[in-house]
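Read the structure below first, then the notes.
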Amino acid sequence: MTPASDTALAVNAWFRANARDLPWRRPGFGPWGILVSEFMLQQTPVVRVIPRLEEWLERWPTPHALASTPQSEAVRAWGRLGYPRRALYLHGCAVAITERHGGIVPETVSELLALPGVGEYTARAVAAFAFGHRHPVVDTNVRRVLARAVGGVADPGPPSTRRDLAAMAAELPEDRDEARVFNAGVMELGAVVCTARSPRCDACPLRETCRWRAAGYPEYTGPARVVQKRFEGSDRQVRGLILAELRASHRPVTAAEIAALWPDAVQLERALAALVADGLAVPAEPGSYALPE
DNA sequence: AACCCGGGGCT
DNA sequence: AGCCCAGGGTT
């Protein structure tokens with residue numbers, strides 16, 4: 001067997017000594033818990049996820065339990081985690097797992113990819129962390145660490161799934177357990193040491209071999225990264241206001257109540273129509289809306 | 001490839 | 001006032 005690279009040895013030793021004590025790393029946390037955690041962690045920081053995850057798993061400890069619950073309850077329990085479509089997708093996962101997989105979370109990347117809201121990252125994360133399979137797992141942290149330590153640049157630039165997975169695969173140890181630890185370790189390194197803003201290079205296990213450090217920390221020169229639109233005044237804010245009203249009310253919300261949420265009637269209608277199109281709101285009594293059952 | 005989708009905390 | 005966050009779906 002090919003010996004693990006110096007990079008992998010350094011990362012794995014560092015991770016074994018420095019890993020944060022996170023709920024989904026507890027022994028026996030289980031594939032369902034891992035899957036729920038990965039959904040919540042999509043674009044949402046760890047510290048915001050932990051309390052919501054524990055509530056969620058206490059209430060719905062199995063896919064069958066969630067599948068037996070109306071979508072509306074999943075959306076309410078999602079609260080203000082953001083991107084509420086994830087609550088709908090996760091409910092859809094629970095239904096699919098119950099109907100197609102006998103209530104057991106599937107193990108293979110292709111089966112996981114077939115679930116709603118599961119993409120390249122989440123499928124590999126579940127296969128690797130819940131089942132110990134050897135796959136490259138690439139998230140925003142991994143992309144940044146590889147760009148710096150291996151690529152010698154400050155920032156990975158626009159994501160390319162094929163290229164990013166190949167870059168991680170090239171560093172992945174042959175041994176399954178070492179590969180699993182390496183995947184988690186590189187993510188952790190990006191999350192707590194090789195951060196986007198202020199990397200703590202003095203504490204990095206790769207500081208002696210990092211090509212970005214060796215090159216003198218050149219600034220990013222790639223294509224300009226897309227700037228996220230301002231949230232204040234955006235359709236996203238308006239959707240959030242409407243959905244908060246739907247979550248808070250246990251009877252249909254009237255058009256007049258919705259109209260009071262935002263001054264711009266055109267934008268309000270656009271946001272409401274988008275929520276209906278996404279399945280997050282459904283017409284109830286004439287002129288009223290509710291969460292999906 | 002570009003765009004849309006929440007919301008909060010940090011710099 | 002931006003930037004960033006264990007991404008995914010649609011066009």
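Lettering follows sequence order; numbering is per chain, from 1.
- With 3.5 Å as the limit, one finds a donor-acceptor pair spanning the side chains of A:Asn141 and A:Arg144.
- A straight line from NZ of A:Lys229 to P of B:dC3 spans 11 Å, rounded to a whole angstrom.
- Evaluation of the salt bridge (charged side-chain N to carboxylate O under 4.0 Å, His left out) test over residues 108-132 of chain A, restricted to residues two or more places apart or in two chains, returns A:Glu120-A:Arg124.
- Here A:Arg80 reaches the OP1 or OP2 of B:dG8: one of its side-chain N or O atoms lies under 4.0 Å away.
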All N/O pairs under 3.5 Å across the protein-nucleotides 9-11 of chain C interface:
residue : atom : partner  : partner atom : Å
C:dG9   : OP1  : A:Gly117 : N            : 3.0

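- You'll find the side chain of A:Asn12 reaches within 4.5 Å of the side chain of A:Arg16, heavy atoms only.
- Within the nucleic acid shown, A:Ala125 has no heavy atom closer than 4.0 Å to any nucleic acid atom.
- Using a 4.5 Å heavy-atom threshold, the side chains of A:Val75 and A:Arg247 count as touching.
- Rounded to whole angstrom, the span from the CD atom of A:Gln228 across to the C1' atom of B:dG7 amounts to 10 Å.
- Of the residues in residues 139-149 of chain A, those with a non-hydrogen atom less than 4.0 angstrom from any atom of DNA chain C are A:Asp139, A:Thr140, A:Asn141, A:Arg144.
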Side chain to side chain donor-acceptor pair (under 3.5 Å) assessment of A:Tyr121 paired with A:Glu38
CA-CA 9 Å; A:Tyr121 164 75; A:Glu38 294 299 348; 2.8 Å; yes
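- Rounded to an integer number of Å, the gap from CZ of A:Arg86 to P of B:dC4 is 19 Å.
- With contacts defined as side-chain heavy-atom distances shorter than 4.5 Å, the pair A:Leu243/A:Leu246 qualifies.
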List the steps and the verdict of side chain to side chain contact (heavy atoms under 4.5 Å, CB included) for A:Trp56 and A:Leu66.
CA-CA 9 Å; A:Trp56 192 285; A:Leu66 179 58; 4.1 Å; yes
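- Spacing of C1' atoms, B:dG9 relative to C:dG8, comes out at 23 Å, to the nearest Å.
- Across all strands, A:Ser234 comes closer than 4.0 Å to no nucleic acid atom at all (heavy-atom distances).
- Remark: A:Gln43, A:Thr44, A:Pro45, A:Arg48 in residues 15-54 of chain A come within less than 4.0 Å of DNA chain B through at least one heavy atom.
- Regarding A:Asp235, its CG atom lies at a distance of 13 Å from the P atom of B:dG7, rounded to whole Å.
- Rounding to whole angstrom units, OH of residue A:Tyr220 and P of C:dC3 are separated by 13 Å.
- Using a 4.5 Å heavy-atom threshold, the side chains of A:Tyr289 and A:Pro252 count as separate.
- If you measure from atom CZ of A:Arg230 to atom P of C:dC3, you get 12 Å, rounded to the nearest angstrom.
- Rounded to the nearest Å, the gap between the P atom of B:dC10 and that of C:dA6 is 13 Å.
- Counting to the nearest Å, the P atom of B:dG6 and the CZ atom of A:Arg247 are 11 Å from each other.
- Toward the 5′ end of DNA chain B lies the nearest nucleotide of A:Arg239, the other residue of the pair A:Arg239 and A:Arg197 mapping further downstream.
- With rounding to whole Å, A:Arg124 atom CZ is found 15 Å from C:dG7 atom P.
- The shortest side-chain heavy-atom distance between A:Thr122 and A:Leu112 does not fall under the 4.5 Å cut-off.
- The stretch residues 254-265 of chain A participates, sequence neighbours left out, in these salt bridge (charged side-chain N to carboxylate O under 4.0 Å, His left out) pairs: A:Arg251-A:Glu257.
- One P atom belongs to B:dG8, the other to C:dG9, and the distance between them is 24 Å to the nearest Å.
- For the pair A:His91 (side chain) and A:Thr69 (backbone), a donor-acceptor distance under 3.5 Å is present.
- As judged by a 4.0 angstrom heavy-atom cut-off over every strand, A:Pro158 is placed among residues making no nucleic acid contact.
- Between A:Pro159 and A:Asp164 the shortest side-chain heavy-atom distance falls below 4.5 Å.
- A:Leu243 comes within 4.0 angstrom of no nucleic acid atom, judged by non-hydrogen atoms across all strands.
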May I have the list of side-chain donor-acceptor pairs in residues 185-195 of chain A shorter than 3.5 Å, sequence neighbours left out?
residue  : atom : partner  : partner atom : Å
A:Glu188 : OE1  : A:Arg20  : NE           : 3.3
A:Glu188 : OE1  : A:Arg20  : NH2          : 2.9
A:Glu188 : OE1  : A:Arg25  : NH1          : 3.3
A:Glu188 : OE1  : A:Arg25  : NH2          : 2.7
A:Glu188 : OE2  : A:Arg20  : N            : 3.0
A:Glu188 : OE2  : A:Arg20  : NE           : 2.9
A:Glu188 : OE2  : A:Arg25  : NH1          : 3.4
A:Thr195 : OG1  : A:Ser198 : O            : 3.1

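- The phosphate of C:dC4 has OP1 or OP2 within less than 4.0 Å of a side-chain N or O from A:Arg225.
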